[in-house]
Every structure is written in structure tokens, then in C-alpha cells.
Protein chains: 2
Amino acid sequence: MSEDLVAVRRPTLTQVAALAGVSLKTASRALNGEPNVAPETGRRVREAADVLGYRLNGIARELRRGGTSALVGLISGDLANPFYSAVASGIERELRQHGLQLVTANNDEDAVRERALVDAFLERRVRALLVVPSGEQHQHLDVEGNHGVPFVFLDRAPDGLAADAVLIDNAGGGRAAGEHLLGHRHRRIAVVADLSRLAPQRARIDGFVSAMRAVGNAAWEPYLRTEVHDARRAEQTVRELLDLRLPPTAVFTANNRLTTGALRALRGLADPPALIGFDDFDLADVLGTTVVAHDPMALGREAARLAYERVAGHRGPARTIVVSTSVVARGSGERPPR
Amino acid sequence: MSEDLVAVRRPTLTQVAALAGVSLKTASRALNGEPNVAPETGRRVREAADVLGYRLNGIARELRRGGTSALVGLISGDLANPFYSAVASGIERELRQHGLQLVTANNDEDAVRERALVDAFLERRVRALLVVPSGEQHQHLDVEGNHGVPFVFLDRAPDGLAADAVLIDNAGGGRAAGEHLLGHRHRRIAVVADLSRLAPQRARIDGFVSAMRAVGNAAWEPYLRTEVHDARRAEQTVRELLDLRLPPTAVFTANNRLTTGALRALRGLADPPALIGFDDFDLADVLGTTVVAHDPMALGREAARLAYERVAGHRGPARTIVVSTSVVARGSGERPPR
DNA sequence: ATGAAAGCGCTAACAG
DNA sequence: CTGTTAGCGCTTTCAT
């Protein structure tokens, strides 16, 4: 890992004080804008600091002030995914209001790495830790062992431990998607979903299923495809579905990547099936793609808010906020069955 | 700003040592896996640490080790913009190889805020600082005053100071866009560009102009529109261009946001003008949008690499890496003039 | 194999 | 208004 990194010695407050001909504490006062410093003294100190190129050592300050930083950690999937980057953006904006700084890390969707990141962040004494967990098991994120550093879960409910969480109404969104397609007289509806070990995926499917049950429709069942993890496989899966002897008349894709794949498969088709995708995305309006929309930036903002409240001293039981979803009709989801 | 934040006292190494019945230093050795610790002693120390829920204090360690952290700062625009999030993702992946952690901050495209962020990062003793500068003036980012913390500029060349930089071949890309449209027999070509105070925007236009000059075409000149800063205004600008008595037959949009706006304006048109956009984007393939593509993730990766080399001791003059661009033809840029 | 003492750079507490 | 003393939690000599 880290090799022979070059250390840089910077001037210290002691040196500034010496140059200014005052004591350490006076220099500290002057530079921190504390009261009880003669104007002339303050000027001399600032000048000395300038000459030396002095800059406060935040590490030393933090240690002295109680060993806790102004950093908040975020552990999530790759920022290259617009969902995660929107969440990060929402978090960053909210934290900034309170003088806190965001540190991001990518869990590679791997529980072992995630665990290591949690340790590293706690050692770095982050004020709070926000996590979009990679998998099912969350013992490695247990709050007991971390002495009061608040955890907030995003997108996935904490499993087996009490912690604040901000979730999307996945089941409601899945049900709405199903109802929307049923309302346009579809019965043979394909569902293309990601790994079933991911709770949000299961919830979206469950919601969809409940909509089907409500009207006694079972014609969708042969068209369920799960464990589709990227756009390329989604594209292929949709192609295969359309090649069936009795193809589905509509497709429901359970996240943004899968919707992308489906759009590629449907591109140029004379008579494409209806399509509704979970997660809104840039240019969906131009493409005329109907989606189950929600606000990932709000997700991040709310999570940061919960974390801050804990940092600021809020006690009390774990809270859960659910961000609502809504169907945005743009054409693709309103195509009738053929 | 920060209010009455609750401090959390965690167990210290001294407490672990006391519980294990050994000295401070022995506990330190055991927990850090240093040699010369009796197996039985090591076991006792680890057990004590476990019981107390001990976690190393990284702040204290960093202070003792020389006051420099394992953090690298990134100051850029909002992560909600896919360009910046792709850059951040590329940086993060590269830094990780070297055990370094990314801290991100949003400059709000404001020089004053940017300046404050630089100070804050330097106080936090980041190992290196990567900046996508908001504006023209970079004195506030001067390397002299920062005592050897390496700076790397992304996307915009450092103005008036020597620092490593990773740039996009903006002029080359602009020229290629112009040549591409000329090659498809367009002469009345509109250019929709962002704020002209941004050097990359000017370079893209300059490149485009050089392509026009090379063939003696001046018919594009009435159709230049700059200071278009968001998708909404781009949409409106393109609408206005098409409403002209003699409208342009092609449009060149100088960044991803503006391309988005143009696509909205062109949506549903029976006989749309040709379109080529700077920056590639998700689903451009589905939309059939021709672009001047480059690799923002590579931009981040290279910047992180340069920074790491400096951190690892590389001396020598400032280096500049230029990331190349290429035209990706997908249909919109190949429509003939009408 | 283990321990005692010193000190990283700063701020808090208490004098003067 | 200014200075002195202590110590945050850890690693680094240097002894033992």
C-alpha cells in the first residue's frame, strides 16, 4: 500500500510566537480571534504567521479539543452511478450547513471491504457514518461497539440492529408500477430485477406482485427475471423476453441500470412493448420513458439531517424516514398491449 | 454554524493497558502487530481492547507521526453533475491503491468559497489537493504558500502558477466537431456555449473557429451564443435559433448540460438540425446523439496519479497531461443540411 | 520481551 | 491584556 511518502514539516505556532516576540498562548489568541489581545500585538502575530507561511494544524487542534473531527463518512457504491452521486450531493449540501465535511468511500458492493471502511472511518474519528449497505448482513455495522458515533442507513433498512434509516417506498413504487400497467390493460408483464439478495429489489417486486394479486392476474409469472445486475445483461434479457413465442406486452425494470439496458433493447423496434422503470433519470423526458420517480438527493439530505441531529445530541429510539415515489407518465408506460 | 455538538469519550490505549496489566507501550506493540510481544501478552491485550470496545485514535497517531493525514482533497462543482462525479470516481479508485482517502467539497462555482475550502483542507493537513477551479484567477491556489502540499488542476490550466494539471483537449475537440459538421456539408452552424469566463469553453469555441477558418466558412458567425449556463436556457436558445428567418442547419453544444437542453428543444421536430455535443453521456447511444467524447474517469485517475507521485517524493517541474477526445458518430451529427 | 519518559502542536485552565 | 502549566492519545527513543 502506501510507500515512502515524503513528510513535510510546517511552521508551528511556537515559531510564530517566537518571531512575534510573544508567548504561545497569545499567538493562539490572536490567530483565533479571541478577545483580550492588544491590536498592535495581534498585528505583529499575524504578520509573523504570514512571513512563515503558518497554517493552523487541524489535527493537533482536534486532538486537544477532544479527539473528534468535523468529518462525516459516507460508504456507498461507486459515485459513477448517478444514484449514489445524487445521494452524495444531497448529503454534502446538508452537512455544509453545519460546518461538517463529507468523506466518501466505495464499498465495491463487498461486505468485507465495507467492514474495513467502517473501522477506518471510526479510527479517523468521524462524527457520523452514513451507509448504503452492500448486502444483507449488517452485524459488522453494529452500533453498540462504536461508542456513540451515529450511524444512518440509506436505501436499505438496518438488519438486526437499531439505527436511523432513510428508505425509499420501494413496495409502494413497485405496486404503483404494476397498477399503472394494469390500468393500461396489460396482463403479460415482464419484471426485470437486480440481485434478489438486495432488499430494495425484493420490495419492489413484492409491491408489484401485490398489485397483480389485487386483480387476480397471474399472467406475469412466466416473465419474472431476477439476478440481472448490469445494463448489458438487462438488454439481453429483454431481447430474450421479446423473442418468446408469447412475448410480454409490457416490461417493468427495477432500477436505473436495468432501464438503460431495456431502452437499448427496445431501440428501433417498430412495435415496442410498454416500459416503466424504477428510478428517474436524466433525459427520461426526451426519451419519453415512464418511471417510478423518487428524489435521491432528498434521500441524502434527510440522512444527513438525521445524522446531524444525533451529533448535536438528540437521543431517543431509531427513526425511519420513508421517501415517497410517484409515477411519471411520459409515454412508454402508456403504450397499449398489442 | 456548528452548535453544541456532543463529544464522545472513547476508551484510550492507557485504559486497555491497565486492564490487561501491561504498560502502555506493550499494549501499543500488541495492537500494532509489532515484534517482541509474548503471545500470551498479546492475547490479553487484544481481549482487553475488545472488552472496552477500544479503537485506535487516528488523530493522535497522525499528530505523533508528523501531522499529516491520509486524506486527499477534491474541490470541484456539484457531484450531481455527472462530469464531476465521474472525475471523483476515477480519483477515488486511484487513491485507494495507495491507501489514501478522498474528501470532497463543492465550490459552488464561487472563487471566495473555493479559497476558503483550500484553507480548510490545508489546515486539515491533506496530503494533496485536486482542484477543478471555478474561475480564471488562481492566485488563491498559489503553491508557494502551502509548503509542499501538491496541487493538481483538473480541466482548467493553472493561471499564473506552476502546478501539475490534467486537461481535456478542448481545442482539438472543438475543431473535430467543426470539421465533422463541415464534412457533412453544413455551413450555417450554431454554437451554444457556457460562460465565456471558463477557459475550457473558450478553447472549445476557438477550436471550432479554427476549423471554420480552414475552409473559409463564416456563415456560422451570426449563430454564436455564449453565456448559456444551464439546460433550460440552452433549450430556449436553441428554440430561438430555429425560429430565425434563416435558421442554422446544425448545432454544436459545448458541454453536457447544454446538449441536454438542445435535445429537449429538438424533441419531436419533423426536420431537426444536425447536433453534435461536447461530453459523452449516458444513453447518448439510445438517443442517437453524436458527441465529442472523452473519458472523465481517466481525467480523475491521471490527476490522482500525478498527485500521488508528488506525495511519494517526485520532484521536478510541473507536468501537464492532455486527455484526448474523439467524435462518436451516432446519427444526430450526420443529418444533412436541409 | 517489556517499560519509562518525552513530545507531536495545539487549547484549556489558571494565574499574573 | 499576557504568560505558564498541563495534557489530548499516541509513537518514539532509550533503558532494562
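A quick note: this is a predicted structure, and the numbers were derived from the prediction, not measured. Every heavy atom of this structure was used, including side-chain atoms; hydrogens, water molecules and symmetry mates were not. Each chain gets a letter, A, B and so on, in the order its sequence line appears, and its residues count up from 1.
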[X] side chain to [Y] backbone, donor-acceptor under 3.5 Å:
X: A:Arg127; Y: A:Ser69; value: yes
X: B:Arg44; Y: B:Ala20; value: yes
X: B:Arg125; Y: A:Leu56; value: yes
X: B:Arg113; Y: B:Asn106; value: yes
X: B:Gln101; Y: A:Val103; value: no

Rounded to the Å, how far apart are [X] [atom1] and [N] [atom2]?
X: B:Glu62; N: D:dC10; atom1: CD; atom2: P; result: 13 Å
X: B:Leu63; N: D:dG7; atom1: CG; atom2: P; result: 17 Å
X: B:Asn57; N: D:dT11; atom1: CG; atom2: C1'; result: 12 Å
X: A:Glu123; N: D:dC10; atom1: CD; atom2: P; result: 10 Å
X: B:Leu52; N: D:dG9; atom1: CG; atom2: P; result: 14 Å
X: B:Arg65; N: D:dG9; atom1: CZ; atom2: P; result: 18 Å
X: A:Arg64; N: C:dG7; atom1: CZ; atom2: C1'; result: 14 Å
X: A:Leu122; N: D:dG9; atom1: CG; atom2: C1'; result: 17 Å

Which listed nucleotide ([options]) is nearest to the side chain of [X]?
X: A:Thr26; options: D:dG3, C:dG9, D:dC10; result: D:dG3
X: A:Lys25; options: C:dT11, C:dG9, D:dT12; result: C:dT11
X: B:Arg29; options: C:dG3, C:dC8, C:dC10; result: C:dG3

Quiz item: NA contact type, B:Leu56, heavy-atom cut-off 4.0 Å: base, sugar-phosphate, or nothing?
Solution: sugar-phosphate
Quiz item: Of all of residues 33-41 of chain A, which get a heavy atom below 4.0 angstrom from DNA chain D, listed by number?
Solution: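 A:Asn36, A:Val37, A:Ala38, A:Thr41, in order of number.
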Quiz prompt | DNA chain C-proximal residues of residues 12-23 of chain B, any heavy atom under 4.0 Å | solution = B:Val22, B:Ser23
Practice problem: Return the set of residues passing side chain to side chain contact (heavy atoms under 4.5 Å, CB included) with B:Arg305 (not counting sequence neighbours), or none when no residue passes. | Solution: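 B:Glu94, B:Glu302, B:Glu309, B:Ile321.
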Quiz prompt | A:Asp50: salt bridge (Lys or Arg N to Asp or Glu O under 4.0 Å) partners, not counting sequence neighbours | solution =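 So A:Asp50 forms no salt bridge (Lys or Arg N to Asp or Glu O under 4.0 Å) with any residue.
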Practice problem: Apply salt bridge (Lys or Arg N to Asp or Glu O under 4.0 Å) to B:Asp155 and list each qualifying residue two or more places apart in sequence or on a separate chain. | Solution: none
Considering just the side-chain nitrogens and oxygens of [X], establish if one lies under 4.0 Å of OP1 or OP2 belonging to [N].
X: B:Asn32; N: D:dT11; result: yes
X: B:Ser28; N: D:dC10; result: no
X: A:Arg61; N: C:dT11; result: yes

Practice problem: Compute the bend angle of the helix from C:dA1-D:dT16 to C:dG16-D:dC1 from the end axes (five pairs per end), rounded to 10°. | Solution: 40°
Quiz item: What residue among B:Val311, B:Leu130, B:Thr104, B:Val149 forms side chain to side chain contact (heavy atoms under 4.5 Å, CB included) with B:Val72?
Solution: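 Only match with B:Val72 under side chain to side chain contact (heavy atoms under 4.5 Å, CB included): B:Leu130.
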Below 4.5 Å, heavy atoms only, C-beta onward: do [X] and [Y] meet side chain to side chain?
X: A:Phe83; Y: A:Leu299; result: yes
X: A:Leu95; Y: A:Tyr308; result: no
X: B:Arg156; Y: B:Leu198; result: yes

Quiz item: Considering heavy-atom distances to DNA chain C, does B:Ala60 or B:Ala27 have its closest nucleotide positioned more toward the 5' end?
Solution: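 Closest to the 5' end, via its nearest nucleotide, is B:Ala27.
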